[in-house]
There are 2 protein chains.
Amino acid sequence: MNKRITIKQIAKALGVSISTVSKALNDSYEISDETKAKIQEYAKLHKYKPNTLALSLQNKKTKTIGILIPNILNYYFARALRGIEKVATEKGYSIITCITNESYEKEVETMEMLSNGTIDGFVACVSVETLKLKKFDHFHDILEEETPIVLYDRAHKDIKCDKVVTDNIKSAYKATRFLMKSGCKDIAIISTSEGLNINKFRIKGYLKALTKYGVTPNENLIIKQDNEINLIERINNMLDNNKVDGIFSVDEVSGAIATQVLNKRNVKIPEEVSIIGFTNGLLSRYGSPPLTSVNRFAHTTGEVAATRLIDKLEGKIKFDDIKTEIIKTKLVERESTKKLFIKF
Amino acid sequence: MNKRITIKQIAKALGVSISTVSKALNDSYEISDETKAKIQEYAKLHKYKPNTLALSLQNKKTKTIGILIPNILNYYFARALRGIEKVATEKGYSIITCITNESYEKEVETMEMLSNGTIDGFVACVSVETLKLKKFDHFHDILEEETPIVLYDRAHKDIKCDKVVTDNIKSAYKATRFLMKSGCKDIAIISTSEGLNINKFRIKGYLKALTKYGVTPNENLIIKQDNEINLIERINNMLDNNKVDGIFSVDEVSGAIATQVLNKRNVKIPEEVSIIGFTNGLLSRYGSPPLTSVNRFAHTTGEVAATRLIDKLEGKIKFDDIKTEIIKTKLVERESTKKLFIKF
DNA sequence: CTGAAAGCGCTAACAA
DNA sequence: TTGTTAGCGCTTTCAG
């Protein structure tokens with residue numbers, strides 16, 4: 001931003017007034033074609049570009065939206081970001097992406113920082129820590145100023161705003177049911193992050209399916225573990241002490257880890273043990289074997305969220321008109337599960 | 001940005017002048033403690049926050065940097081982003097992240113858009129298409145305005161600016177050498193994106209190692225293939241028609257695909273065929289077997305790039321003082337290669 | 001110690 | 001058709 005030319009300089013150089021230049025560059029009907037041509041030519045020659053900052057200050061609108069991502073290394077979020085980015089670009093918005101690293105403090109700081117004129121609205125995913133602490137004042141504050149927020153993936157009922165989420169219970173239900181239909185009797189579930197309510201929902205769906213089909217849940221087959229090393233140990237432990245012929249992994253990494261453990265024990269997948277993962281990312285697709293997974297349509301989630309926000313920013317929807325959109329999932333069959341012998 | 005209170009409103013409410021409020025909030029020595037206290041209290045009560053836009057307009061500095069990422073789904077870039085983000089945050093900068101999707105046009109648009117006062121400088125990775133087209137005028141234009149750019153990972157000699165890159169040739173050389181030392185005789189290389197000069201460098205390193213150790217390169221063992229389906233076919237083909245006991249994959253996905261192909265053919269890894277991957281991401285770590293890989297320290301790359309840029313922005317380095325920093329790699333041994341029997 | 005005024009780059013109402 | 005002026009929110013001389 002150094003040698004950049006301003007409207008003022010053009011005005012001086014051409015001996016016209018600042019507003020004439022402004023109008024000419026905006027192709028106003030008020031200006032004679034001659035003057036317009038002269039000014040526009042000069043502007044082009046000197047690569048004039050309007051200062052976005054000044055425009056935003058004037059319009060009280062920045063045409064940029066803030067994106068909050070808990071963890072960019074997570075394939076789901078990376079894909080969601082793409083979806084958001086796509087819609088934003090299409091509609092002429094830029095995005096400013098911030099990674100919270102699942103930290104409450106970082107989340108609060110970031111939102112404070114951005115909500116000072118920098119952005120018009122947020123598309124955010126709440127961090128694990130925030131969800132654990134159940135402290136949502138930073139959301140409330142921003143909402144109170146009528147800055148719209150659309151929450152995606154992880155949400156909480158105490159935050160009153162638009163949401164775009166996965167039908168976790170149902171998806172887990174269907175995945176578990178699939179395992180049962182494919183002949184599995186002793187189905188384990190592997191979950192992480194105790195604090196995450198979405199994981200609770202997934203366990204709920206799992207339990208629901210078991211119960212529905214007359215299987216009594218077995219506490220020993222439910223693993224909740226964040227730490228990776230411990231997870232390997234716990235899976236091995238579980239396999240040592242229990243009959244298991246199906247595993248439902250609630251996230252992608254633990255699905256890959258389960259696969260590794262089984263491969264190492266020379267357990268045949270899916271002949272002896274089937275695995276279903278959640279979130280249809282790279283690890284599922286490129287694993288050995290490729291994992292049957294609950295595909296989450298992260299991209300769509302991002303698109304829907306961004307669309308909702310922008311519609312709100314542009315007044316197509318009233319600020320107080322709040323909605324939760326549910327993005328369905330789809331089970332993608334690959335090689336880690338047996339082919340269904342009962343159609344349903 | 002609705003009910004947000006401004007300095008002006010505070011001034012009116014308290015019956016003082018605007019500049020007094022400004023100074024009080026900035027803790028200026030010119031203002032009496034009493035007035036200061038009064039103003040600061042009022043400001044806090046009403047959650048006053050300075051408008052970033054106005055500040056930036058004033059200072060001709062936005063304290064934000066633009067990040068260009070060709071593809072956020074790539075684990076390497078996602079990690080690099082984290083590194084950049086970390087440094088930026090530490091130094092009080094915010095970042096605005098843009099995904100170019102490897103598109104020349106998107107890259108040009110994005111850079112144009114941001115270089116209008118929105119950002120102070122760029123940390124960018126050139127897109128594949130741009131590299132293919134060899135059109136770098138958008139970089140030149142920005143550089144000419146003395147807006148600093150730091151290129152990371154992919155660069156080109158025609159763009160005269162700071163760079164932070166991997167020592168591709170050497171890394172590929174070392175990886176290939178490792179395979180040879182571990183007993184492999186017939187080493188294949190799998191590469192993608194013909195347009196990418198970094199991939200050329202990696203092939204170069206591979207060839208260099210072969211030649212150095214007296215192995216004549218075999219054209220049939222060099223695969224360059226972007227399309228995934230075709231890649232599987234070509235690998236199978238190669239394995240059908242050639243003796244191969246080592247594979248060096250120039251990126252992570254093709255490493256995973258090679259693993260899948262070998263597993264499917266019931267080839268024992270590493271007993272019969274060894275694999276080394278490039279970029280030490282999730283796929284390598286969580287694959288079956290986990291892949292020995294060239295670890296690229298994406299995070300460090302991001303940190304170094306961001307640090308360089310910010311140092312420049314803050315005048316610690318002159319604009320014209322241009323440097324290329326090389327980030328070394330490290331071979332991480334996992335289970336896809338045999339243990340070395342020759343120490344070196 | 002406090003305030004008036006100019007200015008960052010731009011737009012827009014109003015005059016000329 | 002063109003120019004003057006005020007103002008977006010803030011900082012910063014310079015007077016008072």
Side-chain angles (χ1 to χ4, degrees), chain A residues 1-40 42-43 46-64 113-120 145, chain B residues 1-40 42-43 46-64 113-120 145:
Chain A
M1 21 189 324
N2 223 343
K3 303 191 192 151
R4 193 128 254 160
I5 194 171
T6 72
I7 226 173
K8 198 173 171 184
Q9 293 170 38
I10 300 184
K12 201 188 323 176
L14 264 43
V16 293
S17 84
I18 291 180
S19 59
T20 304
V21 178
S22 170
K23 285 171 192 161
L25 292 173
N26 289 312
D27 225 2
S28 162
Y29 64 95
E30 301 180 55
I31 305 295
S32 73
D33 288 346
E34 197 188 359
T35 327
K36 250 191 222 173
K38 186 177 68 177
I39 291 174
Q40 288 174 355
Y42 187 90
H46 291 268
K47 294 191 187 151
Y48 168 79
K49 276 165 213 153
N51 182 314
T52 323
L53 249 34
L55 285 176
S56 300
L57 187 59
Q58 186 85 351
N59 306 331
K60 313 272 249 145
K61 267 195 198 151
T62 61
K63 283 274 230 171
T64 96
M113 207 200 64
L114 294 182
S115 60
N116 291 204
T118 312
I119 53 92
D120 295 342
E145 285 160 4
Chain B
M1 21 190 322
N2 223 342
K3 301 189 192 153
R4 194 129 256 162
I5 194 173
T6 71
I7 226 173
K8 199 173 170 184
Q9 293 170 38
I10 300 183
K12 200 187 323 173
L14 263 42
V16 292
S17 82
I18 291 180
S19 55
T20 304
V21 176
S22 171
K23 285 170 190 164
L25 292 174
N26 289 313
D27 226 1
S28 161
Y29 64 96
E30 302 180 60
I31 306 295
S32 74
D33 288 347
E34 198 186 358
T35 325
K36 251 190 223 174
K38 188 176 66 176
I39 293 175
Q40 287 174 355
Y42 187 90
H46 292 268
K47 294 188 187 154
Y48 168 78
K49 275 165 215 152
N51 182 313
T52 324
L53 248 34
L55 285 177
S56 301
L57 187 58
Q58 185 85 354
N59 305 332
K60 313 271 248 143
K61 268 195 196 152
T62 61
K63 284 275 233 172
T64 96
M113 207 200 66
L114 294 182
S115 59
N116 292 205
T118 313
I119 52 92
D120 295 343
E145 285 161 5

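Within every chain, numbering begins at 1; the chains are lettered A, B, ... in the order of the sequence lines, protein sequences first and strands thereafter. Note that the coordinates shown come from a computational prediction; the quantities given were computed from them, not determined experimentally.
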Exercise for the section: Mind running side-chain contact (heavy atoms from CB on, under 4.5 Å) on A/K38 and A/V16 for me, showing each step along the way? Expected result: CA-CA 11 Å; A/K38 186 177 68 177; A/V16 293; 4.3 Å; yes

Problem - Side chain proximity check, B/L14 to B/V21, heavy atoms < 4.5 angstrom - result: no

Practice task
Could you tell me the separation between the CD1 atom of A/I7 and the P atom of C/dC8, rounded to a whole number of Å?
Solution key: 13 Å

Problem - Backbone of A/N116 reached by a side-chain donor or acceptor of B/T52 within 3.5 Å - result: yes

Practice task
Check the distance between C/dC8's C1' and A/Q9's CD and give it to me in whole angstrom.
Solution key: 12 Å

Handout entry: Length of the line joining B/N51:CG and C/dC8:C1', which is rounded to integer Å
Key = 13 Å

Fill in the blank from the handout: With five pairs defining each end axis, the helix from C/dC1-D/dG16 to C/dA16-D/dT1 comes out bent, to 10°, by 60°

Exercise for the section: Check for a donor-acceptor pair, side chain of A/S22 on one end and backbone N or O of A/I18 on the other, with a separation under 3.5 Å. Expected result: no

Handout entry: Side chains of A/I5 and A/Y42 in contact at under 4.5 Å (non-hydrogen atoms)
Key = yes

Handout entry: Flag, side chain of A/N51 to backbone of A/L53, donor-acceptor distance under 3.5 Å
Key = yes

Practice task
Rounded off to whole Å, could you give me the CD-to-P distance for the B/Q58 and C/dG9 pair?
Solution key: 10 Å

Completion exercise
Heavy-atom closest pair (A/L25 atom, A/A43 atom, distance to 0.1 Å) is CD2-CB, 3.6 Å

Problem - For B/Y48 against B/I7, the heavy-atom pair lying closest together - result: CE1-N, 3.8 Å

Exercise for the section: Check whether any side-chain nitrogen or oxygen of A/K8 sits under 4.0 Å from OP1 or OP2 of C/dG7, and answer yes or no. Expected result: no

Practice task
Walk along DNA chain D from 5' to 3' and tell me the first and last nucleotide with an atom closer than 4.0 Å to a non-hydrogen atom of chain A.
Solution key: D/dT1 to D/dG9

Practice task
Could you list the residues that satisfy side-chain contact (heavy atoms from CB on, under 4.5 Å) with A/T6, not counting sequence neighbours?
Solution key: A/K8, A/Q9

Fill in the blank from the handout: Rounded to whole Å, the CD1-C1' distance (A/I5 to C/dC10) equals 15 Å

Completion exercise
So salt bridge (Lys or Arg N to Asp or Glu O under 4.0 Å) across residues 20-34 of chain B, not counting sequence neighbours, yields B/K23-B/E30, B/D27-B/K36

Exercise for the section: Name every residue in residues 13-20 of chain B that has at least one heavy atom under 4.0 Å from any atom of DNA chain C, in order of residue number, or write none if there are no such residues. Expected result: B/V16, B/S17, B/S19, B/T20

Exercise for the section: Identify the two heavy atoms, one from B/T62 and one from B/S56, that lie closest to each other, and give their separation to 0.1 Å. Expected result: CA-OG, 3.6 Å

Problem - Contacting residues from residues 22-38 of chain B, given that a heavy atom lies under 4.0 angstrom of DNA chain D - result: B/S22, B/K23, B/N26

Problem - Backbone of B/A11 reached by a side-chain donor or acceptor of B/T20 within 3.5 Å - result: no

Handout entry: Spacing of B/K49 atom NZ and A/E145 atom CD [to the nearest 0.5 Å]
Key = 5.5 Å

